[in-house]
Amino acid sequence: MPEPKTDLNERYNPAEVEPKWQATWRERNCFRAEADPSRPKYYVLEMFPYPSGRIHMGHVRNYTLGDVVARYKRARGFNVLHPMGWDAFGLPAENAARDKKVHPHEWTWANIRNMKAELQSMGLSLDWDREFATCDPSYYRHQQKLFLQMMKAGLAYRRESWVNWDPVDHTVLANEQVIDGRGWRSGAVVEKRQLTQWFFRITEWSEQLLAALDGLERWPDRVKAMQTQWIGRSEGLRLTFDLAGDTTAAPDGITVYTTRPDTLFGASFLAISAEHPLAHALAKNNPEIAAFIEECRQSGTSEEELERAEKRGVLTGLTVRHPFIDGHTLPVWVANFVLMEYGTGAIFGCPAHDQRDFDFAKKYGLPILPVVAPAGVDPASVTVGPEATVGDGVLINSGFLDGMSVAEAKRAVIDRVEAAGTGEATINFRLRDWGLSRQRYWGCPIPVIHCTACGIVPVPEQDLPVKLPMDVTFEKPGNALDHHPTWKDVACPECGKPARRETDTMDTFVDSSWYFARFASSDADDTPVRPAEFDYWLPVDQYIGGIEHAILHLLYSRFFTRAMKACGHGDLDEPFDGLFTQGMVTHRTYRGADRRWLYPVEVVRGEDGTLRHAETGEPVTEGPLEKMSKSRNNTVDPGAIIGTYGADTARWFMLSDSPPERDLEWSDEGVKGAWRFMQRLWRLIRATVAEPGHAGAARSEAGTTLLQTLHRTVQDFTQDLDRFHFNKAVARLYELTNAIDRFEPADEADRAVRAEAVSVLVRLIAPMTPHLAEEAWAMLGGAGLVVDQPWPEADPALVVQDTVSIAVQVTGKKRAVLTLPRDADPKDVEAAALAEPNVLRAIDGKPVRKVVVVPNRIVNVVV
RNA sequence: GCGGGCGUGGCGGAAUUGGUAGACGCGCCAGAUUUAGGUUCUGGUGGCGAAAGCUUUGGGGGUUCGAGUCCCUCCGCCCGCACCA
């Protein structure tokens, strides 16, 4: 027998093993994907990174999850597409240019080179041949082409509107990019400005974008709920009130939107937004209104301020006629709580049944007339309470509506208004068109030319791409394209006279709205996407990324996919068939004596258990778990972890313990645990290689048990991978490893069983720790590479156990556990249960009223 | 306020349609190996109890032979949206 002791103590060395297998995979083009209609495809995609310079733990988690799926599906026989690229436009490059005097182009490409090397050290099964960066003209020229096609189709257009202006980043932001009144990137309080901007007509598909959410069965409910809310569909009535008396101020009347037409008889005023055109017109001759409008503009829009803000308004002096009550008029107010962006920017107020109208009426002494008697309240004795009542009930004080339910009354009012021709039933959406103009240099140029004679002229296709000029400076704030001395000067393509290029660039979310489609044919020169490859690879079967894109990127991509279809690119509505949103990677935070944030590596735990600074020895206070971020200094560098422990350890730790959709706490102990397991597997594999055994002879009972454990593990592990239960899958491999370790082979046949178990274990673990698996596969003498091995199949005959343990309860309390043959006769099970001394003691001579026998599970004796 | 989700040991977390609560890992305790640290191995580890046993899934109630799981109710936490008419 060989003496393996010294060999066994030899450590697994990832620094040597991992680059070796990465090189082998690369040399053999293992992960190159080719469209092949004869094979089932599987498209795995993780949200592509912004090239900030370094990868962070969030990337490691994201790409580990995706890589497990990609490698697993590959072993299951799918033709897998698993590409990677770079979301490379964006403001940080311009900030770097300003601060470090390096051109955004240089900065970005240097970052890409660095991050690519880091990603490659993770051993991801990526098809790098399809790589592209969105800042490359070979990508954005196609985006410009798509833009022009969308313009032609009426899906991209230019108009003047109120926009969100970020005073720090000096650019406009889309509604989706304003979070609680602040810019999503800069955090600056957003201002309102009136500018002429380019928009995508996302509202074209409001209804479809909402309805199709139902069909996205493999999307998290949370994300669908957020998009539903964002799209914000409501059904109501658009109704025009005519002015009473002099109608010159608004000859066409004032149109309001309401979802409660049933409460029309309870209306006591009309209110228009301070941004309403009528309010602006009236302000010209009414200083009070002008002052109020100015005041409204300056008041904040943050949640907190709105909470405190009082409902306020000024009278316009106008009155309108009630459509159903002859001779009844309502005053018209300008009010601070009416939004111009929603509905028509005007409402009728029914104080009894809307809390805001109620507050407003209280303040200004307006009538509050209840018109809905809540269920269970006598219609004859309805009183005005301290709050508005908003529920269902029976209509009162409402003429022809009296006695109807809310739903019936809504219908009746709509019918009558439509018959009179003063309004119509309307479906209203909260969703606004997507403003895509950005006053920044480092983005995709919008390919149009402004000509004083011809207007807006698209850049002719043969002139694409409109490239960014390289000779730009960033000393002045604002748009470097605008500051460029000559770039914008161009001859009009139509009349040839001097004209001016559009200097706005596209929102970087445009770049990421179709990159997944480009991956299907990233080398296509003449077209954004080649139809055959688009049809074969799309949709993405499994998309993986952070929840922070629940609305932004995921909604824009759904719009873009429809827009591409409308422009003749593919026949697809929904880009992502399955979506998985991972949790964040968190870490403890630490602060030094002067409250400054400390890096985890600066902190040590002393012998007395207290935390101290590693160098200065000053006391350190431990803060809460927070998302890893530079502002908290609680980041851990993936490069350092991979350098010390190897990529497989980092990957294994990412998959262990925490379910992938939840936050994961990064801890040193956890990483060490993962590292120990890598070493343990390594020893097990070496021991097996040293004593492979011979199959054929009759195996021991313990050997059979091990085989059964093995096949059950294959079955359960596979199921866990299918369900994204990676933490449970990891636990099953621990259990299998424990079982193999505990197993003491009695003879050559047993050793062969162990060798078989280890061989299967290596194939199961390969998607998670691919380098170790590859090295082990080679040592075990497996043919070819482990990445090319088919997925192990569980033998149904070996999955079932011969014996089962059955708990025996007496009136619900466990008193004994029986070990019996599987599927034993219930009568025999009952008899065995009633023969247990512990059971008899618990029965204590009382009459047995009933015995419940659940086959192979439990017996409950009721006394 | 509206919408989504959650509450299980010291910690992360397991528990098919209701059927042995606490798998697996981390941490901790004890022992062995090692010159020592580290590594590795063995055993233990929800709580109370010497033990038999009792008790335990945020609190309370219910349905059931049987509830972490279903129903009612209360409490607490997280996430998203929000003057959306």
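Note that this is a predicted model, so its numbers are computed, not measured.
Residues passing the ring pair (Phe, Tyr, Trp, His ring centres under 6.0 Å) test with A:Tyr342: none are found, sequence neighbours excluded. Listed by chain and residue number, nothing satisfies the side chain to side chain donor-acceptor pair (under 3.5 Å) test with A:Glu661 (two or more places apart in sequence, or in another chain). Shown here are the ring pair (Phe, Tyr, Trp, His ring centres under 6.0 Å) partners of A:Trp675, two or more places apart in sequence or in another chain: A:Tyr645. With sequence neighbours left out, the side chain to side chain donor-acceptor pair (under 3.5 Å) criterion links A:Thr737 to no other residue. Taking the side chain to side chain donor-acceptor pair (under 3.5 Å) definition, one finds that A:Asn838 meets it with A:Arg841, sequence neighbours left out.
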RNA chain B in dot-bracket form (Watson-Crick or G-U pairs under 3.5 Å, [ ] crossing, | inter-strand) is (((((((..(((......[....)))((((((.......))))))(((....)))..(((((..]....))))))))))))....
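In this structure, A:Glu207 pairs ionically with A:Arg233, as a charged nitrogen and a carboxylate oxygen lie closer than 4.0 Å. With salt bridges taken as basic N to acidic carboxylate O contacts below 4.0 Å, one links A:Asp741 and A:Arg680. At a threshold of 4.0 Å, the pair A:Arg815-A:Glu836 does not count as salt-bridged, since none of the basic side-chain nitrogens sits closer than that to a carboxylate oxygen. Between A:Arg430 and A:Glu341, no side-chain nitrogen of the basic residue sits less than 4.0 Å from a carboxylate oxygen of the acidic one, so the salt-bridge criterion is not met. Ion pair A:Arg732/A:Asp720 flagged as a salt bridge, since at least one NZ, NE, NH1 or NH2 atom sits closer than 4.0 Å to an Asp/Glu carboxylate oxygen.
Separation of the C1' atoms belonging to B:rC72 and B:rA21 is 24 Å when rounded to the nearest angstrom. Across the C1' atoms, B:rU20 and B:rA15 are found 11 Å apart, a figure rounded to whole Å. Of the P atoms belonging to B:rG18 and B:rC71, the separation is 11 Å, rounded to the nearest Å. Taking atom P on both nucleotides, B:rC28 is separated from B:rC11 by 15 Å, rounded to a whole Å. Rounded to whole Å, the separation between the P atoms of B:rG58 and B:rC77 comes to 16 Å.
Between A:Trp666 and A:Phe653, the ring planes lie perpendicular to each other; the angle is over 60°, past the 30° to 60° tilted range. Aromatic ring orientation, A:Trp333 versus A:Tyr364: tilted (interplanar angle from 30° to 60°). Below 30°, between 30° and 60°, or above 60°: for A:His587 and A:Tyr590 the angle between ring planes is above 60°, a perpendicular geometry. Note on ring orientation: taking the six-membered ring where Trp is involved, the planes of A:Phe677 and A:Tyr734 are tilted (angle from 30° to 60°).
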Between the protein and nucleotides 38-44 of chain B, which nitrogen or oxygen pairs are less than 3.5 angstrom apart?
| from | atom 1 | to | atom 2 | distance (Å) |
| --- | --- | --- | --- | --- |
| B:rU40 | O3' | A:Arg683 | NH2 | 3.2 |
| B:rC41 | OP1 | A:Arg683 | NH2 | 3.4 |

Can you give me the N/O atom pairs linking the protein to nucleotides 9-13 of chain B at distances under 3.5 Å, or say none if there are none?
| from | atom 1 | to | atom 2 | distance (Å) |
| --- | --- | --- | --- | --- |
| B:rG12 | O2' | A:Ser658 | OG | 2.9 |
| B:rG12 | N2 | A:Asp657 | OD1 | 3.1 |
| B:rG13 | O3' | A:Asn727 | ND2 | 3.3 |

Atom pairs under 3.5 Å, N or O on each side, protein against nucleotides 70-73 of chain B: can you list them with distances?
none

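A donor atom on one side chain and an acceptor atom on the other are not found under 3.5 Å apart for A:Gln582 and A:Arg662. With hydrogens and angles left out, the side-chain atoms of A:Asn634 and A:Thr589 include no donor and acceptor closer than 3.5 Å. Side-chain N/O atoms of A:Ser234 and A:Thr259 include no donor and acceptor closer than 3.5 Å.
Rounding to whole angstrom units, NZ of residue A:Lys627 and P of B:rC79 are separated by 13 Å. In this structure, CG of A:Asp357 is placed 7 Å from C1' of B:rA85, rounded to the nearest angstrom.
Phosphate proximity of B:rC84 to A:Arg432: absent, as no side-chain N or O sits under 4.0 Å from OP1 or OP2. Contact annotation: A:Asn738 side-chain N/O to B:rG25 OP1/OP2 distance is under 4.0 Å.
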A correct 5'-to-3' footprint of nucleotides 53-59 of chain B, with B, S and - meaning base, sugar-phosphate only and no protein heavy atom under 4.0 Å, is SSS----
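In this structure, CZ in A:Phe348 is found 7.5 Å from CG in A:Leu239, a value given to the nearest 0.5 Å. To the nearest 0.5 Å, atom CG of residue A:Leu736 and atom NE2 of residue A:His711 are 10.5 Å apart. Here the NE2-CG distance, from A:His322 to A:Leu270, works out to 10.0 Å after rounding to the nearest 0.5 Å.
Among the heavy atoms of the strands lying under 4.0 Å from A:Gln809 is at least one base atom, whether or not backbone atoms are also near. Residue-level contact check: A:Arg222 touches the backbone only, with heavy atoms under 4.0 Å from sugar-phosphate atoms and none from bases.
Among the nucleotides B:rC65, B:rG19, B:rC24, the one closest to any side-chain atom of A:Lys850 is B:rC65. When distances are taken from the side chain of A:Arg430 to each of B:rC24, B:rA82, B:rG19, the shortest belongs to B:rA82. Checking B:rA85, B:rG80, B:rU20 against every side-chain atom of A:Met226, the shortest atom distance belongs to B:rG80. Between B:rG25, B:rC83, B:rU17, one nucleotide has an atom nearer to the side chain of A:Arg356 than all others, and that is B:rC83.
Contact check of residues 254-269 of chain A against RNA chain B (heavy atom, cut-off under 4.0 Å) returns A:Tyr257, A:Thr258, A:Thr259, A:Arg260. Residues from residues 229-239 of chain A that place a heavy atom under 4.0 Å from any atom of RNA chain B, listed by number: A:Gln229.
Comparing A:Arg723 and A:Ser805 along RNA chain B, the residue whose closest nucleotide (by nearest heavy atom) sits nearer the 5' end is A:Arg723.
Heavy atoms from other residues, nucleotides or ligands lying under 6.0 Å from CZ of A:Arg222 number 12 at most.
Annotation for A:Gly343 and A:Asn428: closest pair N-ND2, 3.6 Å, computed over non-hydrogen atoms.
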